[in-house]
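All remarks here apply to the structure that follows.
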There are 2 protein chains.
Amino acid sequence: MNASNAKKSTKTKVEQFMKCDLMQELDFLVARMRSLGSGRANLALKPFDLKVRSYSVLSLACSEVMPTQRDLAELLALDPSQIVPLVDGLETKGLVTRLADPNDRRSKVVVATDAGKKLYGKARKATEQSEQETLNALTPEERTQLRDLLSRVVLGDSA
Amino acid sequence: MNASNAKKSTKTKVEQFMKCDLMQELDFLVARMRSLGSGRANLALKPFDLKVRSYSVLSLACSEVMPTQRDLAELLALDPSQIVPLVDGLETKGLVTRLADPNDRRSKVVVATDAGKKLYGKARKATEQSEQETLNALTPEERTQLRDLLSRVVLGDSA
DNA sequence: AATAAACCATTGACTTTTTCAAGGATTAAA
DNA sequence: TTTAATCCTTGAAAAAGTCAATGGTTTATT
């Protein structure tokens, strides 16, 4: 029932690699983290027909920040052209709407509909639980610690 | 010259999004971290004609652990079929060799050649510097702290 | 010992994601 | 007013991810 005894039969060979240099390298750790984490999160979001990507867009569309598509691209570290089909999908399902930016008619602001906000509420709970599972090796304090460190690395580029 | 003043002109709009729920979500943070980090690392590895992926394989091939291709797939969280072209590329350049596993003739052990070890030495310095740049918002203690937390999440699934 | 089942590396087909260049519409700068 | 820059969108091409099937090998079952 627990996620920890997934493959106990094959005697996880991972332990033998603990001493390798690579295990200390950030790129490796983060890549593996993303693979495992987003895999689990996508599974948790499947009932809502969402993935981490579309969920992220929906989440931002639910905020009061009124993000333009360019904002979304920068935040998610994606090419602007990748945002288009992402928003298209959500818009088709009636979860978000493209609004004309009053300040700049080139831009389009992506905002959530009522249905979008409603779905987001449920989906958020799913991702929260998925996150707990992913972090089950850490104490609650360590989890917030990890989030804070990541947040500073990824958002605060000030010096 | 420094990486911190990349886009100071456009007055990073990211700050306005700090209050959004998404900024606390692990999946988002890790995805962004990977995008930024591996982007920088790939750039640093370009002089050696390596990417984070091929570099990781090379690194493991340089260890004394004698990893099979299956081991590589599990560690890097990739499909076994993705390892094939990865090792092919390194083998073509004479950096690694496929050896018959003495214990199991189905498996192939991937080991680095002398040229491979030599290149790895240089490439490793490049990734280390790239890592420092990525983590420049953190103190040295916080950097090891972050690595430790990630390591436990990603490798130690015991409970 | 013989048969069946499981496993490894590889191939191939397929989908998804990423990366780029170019375009029309709009705004900012000269 | 002209020039340059920005935003969204499109489309093409490369890279990465997913999945099923195969030959050779090992393990488990009978």
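Owing to the predicted nature of the structure, the values given are computational and were not obtained by experimental measurement. Quick note on labels: first sequence line is chain A, next is B, and so on, each numbered from 1.
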- Item | Reference residue Leu86(B); test side chain to side chain contact (heavy atoms under 4.5 Å, CB included); the match among Leu72(B), Leu78(B), Leu58(B) | Leu78(B)
- With the side chain defined as heavy atoms from C-beta on, Arg106(A) is closest, among dT10(C), dT27(C), dC8(C), to dT27(C)
- Asn103(B) CG to dA9(C) P, in whole Å, measures 13 Å
- Task: Check whether the side chain of Arg105(A) and the base of dT26(C) form a donor-acceptor pair under 3.5 Å.
- Result: no
- Message: Base, sugar-phosphate or nothing for Ser107(B)? Non-hydrogen atoms, less than 4.0 Å.
- Response: sugar-phosphate
- Task: To the nearest Å, give me how far apart CG (Leu76(B)) and P (dG17(D)) are.
- Result: 10 Å
- Whole-Å gap separating C1' (dT10(C)) and CG (Leu86(B)): 14 Å
- Query: Can you tell me if the side-chain N/O atoms of Lys51(B) get under 4.0 Å from OP1 or OP2 in dA15(D)?
  - Reply: no
- Message: For dC8(C), does the base pair up with any side-chain atom of Arg70(B) as donor and acceptor (N or O, under 3.5 Å, distance only)?
- Response: no
- Message: Without decimals, in angstroms, what is the distance between Leu99(B) CG and dC8(C) C1'?
- Response: 16 Å
- Query: Between Tyr120(A) and Tyr55(A), does the ring centroid distance fall short of 6.0 Å?
  - Reply: yes
- dC8(C) base to Thr68(B) side chain: any donor-acceptor pair below 3.5 Å? no
- Between Arg53(A) (CZ) and dT15(C) (P), how many Å, whole number? 20 Å
- State whether Arg124(A) and Glu25(B) are salt-bridged, where the test is any N-O pair (Lys NZ or Arg NE/NH1/NH2 against Asp/Glu carboxylate O) under 4.0 Å. yes
- Could you check how far CZ of Arg34(B) sits from C1' of dG17(D), rounded to whole Å? 11 Å
- When you measure from the side chain of Gln69(A), which nucleotide among dC8(D), dT18(C), dA9(C) comes out closest? dC8(D)
- Query: Within less than 4.0 Å of OP1 or OP2 of dA16(D), is there a side-chain N or O belonging to Gln82(B)?
  - Reply: no
- Atom-to-atom span, NZ of Lys108(B) to P of dT25(D) - whole angstrom: 11 Å
- Item | Pair Arg40(B) + Glu131(B): basic N to acidic O under 4.0 Å | no
- Rounded to the nearest angstrom, tell me the gap between atom CG in Asp79(A) and atom C1' in dT10(D). 12 Å
- N-O pairing of Lys108(B) and Asp101(B) below 4.0 Å: no
